[in-house]
Amino acid sequence: MAKKDMKKANWSGRFNEPVTELVKRFTASIVFDHKLGLHDIEGSLAHAEMLAAQKIITQKDLKAIQSGLQSIQKEILAGSFKWSIDLEDVHLNIEKRLTDKIGEAGKKLHTGRSRNDQVATDLRLWLRATIDETIQKIKTLQLSVVQLADKHQKTVMPGFTHLQIAQPVTFGHHLMAYYEMLQRDLTRFEDARKRMNQLPLGSAALAGTSYPIDRNKVAKKLKFDGLCENSIDAVSDRDFAIEFTFVASLLMTHLSRFSEELIMWSSPMFGFVEIADRFCTGSSIMPQKKNPDVPELVRGKTGRVTGHLMSLLMLMKAQPLAYNKDNQEDKEPLFDTANTILDVLTIYADMLKSISVNEKNMKEAALKGYATATDLADYLVIKGVAFRDAHEVVAKAVNAAIKKKCDLSELKIDELKKFSKVISSDVYSYLTLEGSIKSRNHIGGTSFEQVKKSIEKAKKRLKQ
Ligand code: ARG
């Protein structure tokens, strides 16, 4: 193709031939970064206002830029903006449209700015809004967890270690463990937001700009808490993307554990819970099946999000300062992470509301598992037996109960006395599931009283 026939990219002045179709497609980001369109306009409006206030452009130019950008904003919102791959990315698409609309003034918008600080700013604006949405959705999910826990403050279930029945707990207590995980996730998102909320714009390509810009003015307008203080770092840093994706991975990891439990608990072998039909699917061949697809997919998508974290870390590991085109690869993992967690949080909050609990099965499982064996040992210790000896005595008592196919609390007092002479009839208040639960009455323990308190505390926090 002769140079005169080239469809001109705005950077093509020094080039003698156009890129091939494949290179054009390979280097373009418009298919995914158009998502940043509205944030790009927000950043450009703040930049243009500052340029005019600093007399770098005229008020007349500013007015034209403002009205042009506002009409582009409308086009984007209406879905009528035509994104073109010939214009490579979101920034060049919008700038070209602006110039087509308002002429000369449009060409002045890029004064004192580079796509390098522009894209870093757009991404931070997008991520800030995404974090805010994520935090709200975590709170909604926490509310679902707390409401379910509230209903099951007194529902007894076996607590597990090594997936073996360990000690009785309440279902409310077990659920509140997830509330705590989500609370840590929430504060991690808040922390990430603080570190991220610094303005890169003004760093230009990498070294800053020779125009008398006012970065603080732009920061204030765009609600950043401060400025990125080194221009080279500002255009090359993607820590905020990595941090967000890490926090998202940990959130997914927590929900993956929860999902694993829901999947097991809803299998007939456990029969602890039932997830409503609208969150499950059937099998095309086995008519009896009801598959917990939603928790399974949440568990599956945890791999996907953690994969994105690895992508971003690898993306950055060997980049010399400052900006490199590699950074364009940050967007798809980041966007997909956001889409995934926002969907997961929404669907999970709904799904938890749909869960019905089989209290009878939960209780029976705890009884079958000799979950109060530790309580018997603790009882013997109170009566003066050394813990190691008590452990031995209880092991024998459990054996006897297994042989008789009954619970420890169903052994007659005479039988129990055979294992240790310190045992008397007050032992039964220790051997029941309820007795065991009630005795763990300290902050963090599973007693009914403590679980109630922790639920009240969580409810209060969620109302703030
Ligand atoms: N589309 C680019 C990206 O996402 C924008 C920055 C381009 N800068 C450059 N010097 N080519 O990273």
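Within a 6.0 Å radius of NZ in Lys360, other residues, nucleotides and ligands contribute 12 heavy atoms or fewer. Counting non-hydrogen atoms of neighbouring residues, nucleotides and ligands closer than 6.0 angstrom, the NZ atom of Lys438 reaches no more than 12 such neighbours. Counting non-hydrogen atoms of neighbouring residues, nucleotides and ligands closer than 6.0 angstrom, the CE atom of Met314 exceeds 12 such neighbours. Around the CD1 atom of Ile443, the shell of radius 6.0 Å holds no more than 12 heavy atoms that belong to other residues, nucleotides or ligands.
The closest donor-acceptor contact from the side chain of Thr306 to the backbone of Thr302 lies under 3.5 Å. Using a distance-only test at 3.5 Å, with no hydrogens or angles considered, a donor-acceptor pair links the side chain of Gln319 to the main chain of Leu315. In this structure a side-chain-to-backbone donor-acceptor pair under 3.5 Å is present from Arg124 to Gln198. Listed for the Asn441 side chain is no donor-acceptor partner under 3.5 Å among the backbone atoms of Thr446. Side chain of Ser203 to backbone of Pro200: a donor-acceptor contact under 3.5 angstrom is found. Between the side chain of Ser12 and the main chain of Phe15, no donor-acceptor pair closer than 3.5 Å is present. In this structure a side-chain-to-backbone donor-acceptor pair under 3.5 Å is present from Asp117 to Ala204. No donor-acceptor pair closer than 3.5 Å links the side chain of Asp233 to the backbone N or O of Glu229. Of the possible donor and acceptor atoms, none in the side chain of Asn230 sits under 3.5 Å from a partner among the backbone N and O of Cys228. Remark: side-chain polar atoms of Thr140 are paired, donor with acceptor, to backbone N or O of Gln136 under 3.5 angstrom.
A salt bridge between Lys368 and Asp407 is absent, with no side-chain N of the basic residue lying under 4.0 Å from a carboxylate O of the acidic one. For Asp185 and Arg188, the salt-bridge test passes: some basic side-chain N is under 4.0 Å from an acidic carboxylate O. Using a cut-off of 4.0 Å between Lys/Arg side-chain N and Asp/Glu carboxylate O, Asp100 and Arg97 are scored as not salt-bridged. Looking at Asp343 and Lys301, no side-chain N of the basic residue comes within less than 4.0 Å of a carboxylate O on the acidic one, giving no salt bridge. Ion pairing between Asp132 and Arg128 fails under the 4.0 Å rule for side-chain N and carboxylate O. A salt bridge does not link Arg195 to Glu190: none of the charged side-chain nitrogens sits closer than 4.0 Å to a carboxylate oxygen.
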Show me the side-chain donor-acceptor pairs of residues 24-31 shorter than 3.5 Å, one per line, residues at least two apart or across chains.
residue: Lys24; atom: NZ; partner: Glu21; partner atom: OE1; Å: 3.4
residue: Lys24; atom: NZ; partner: Glu21; partner atom: OE2; Å: 3.1
residue: Lys24; atom: NZ; partner: Asp86; partner atom: OD1; Å: 2.5
residue: Thr27; atom: OG1; partner: Val23; partner atom: O; Å: 2.7
residue: Thr27; atom: OG1; partner: Lys24; partner atom: O; Å: 3.4
residue: Ser29; atom: OG; partner: Asp33; partner atom: OD2; Å: 2.6
residue: Ser29; atom: OG; partner: Gln328; partner atom: OE1; Å: 3.3

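Side-chain contact annotation: Tyr211 with Arg113, donor-acceptor N/O pair under 3.5 Å absent. Side-chain contact, His34 with Asn93: no donor N or O sits under 3.5 Å from an acceptor N or O. A donor and an acceptor atom, one from each side chain of Gln167 and Tyr370, are nowhere located under 3.5 Å apart. No side-chain N or O of His173 forms a donor-acceptor pair with one of Gln450 less than 3.5 Å apart. Under the 3.5 Å distance criterion, with hydrogens and angles disregarded, no donor-acceptor pair is assigned to the side chains of Thr170 and Lys154.
Between Phe258 and Tyr348, the ring planes are tilted. Angles from 30° to 60° get that label.
For Phe32 and Trp83, the ring centers are positioned 6.0 Å apart or more.
Figure legend: Lys35 and Phe335 shown as a cation-pi pair, the cationic atom lying under 6.0 angstrom from the six-membered ring centre and within 45 degrees of its axis.
Taking 4.5 Å as the limit, some side-chain heavy atom of Arg304 sits within range of a side-chain heavy atom of His308.
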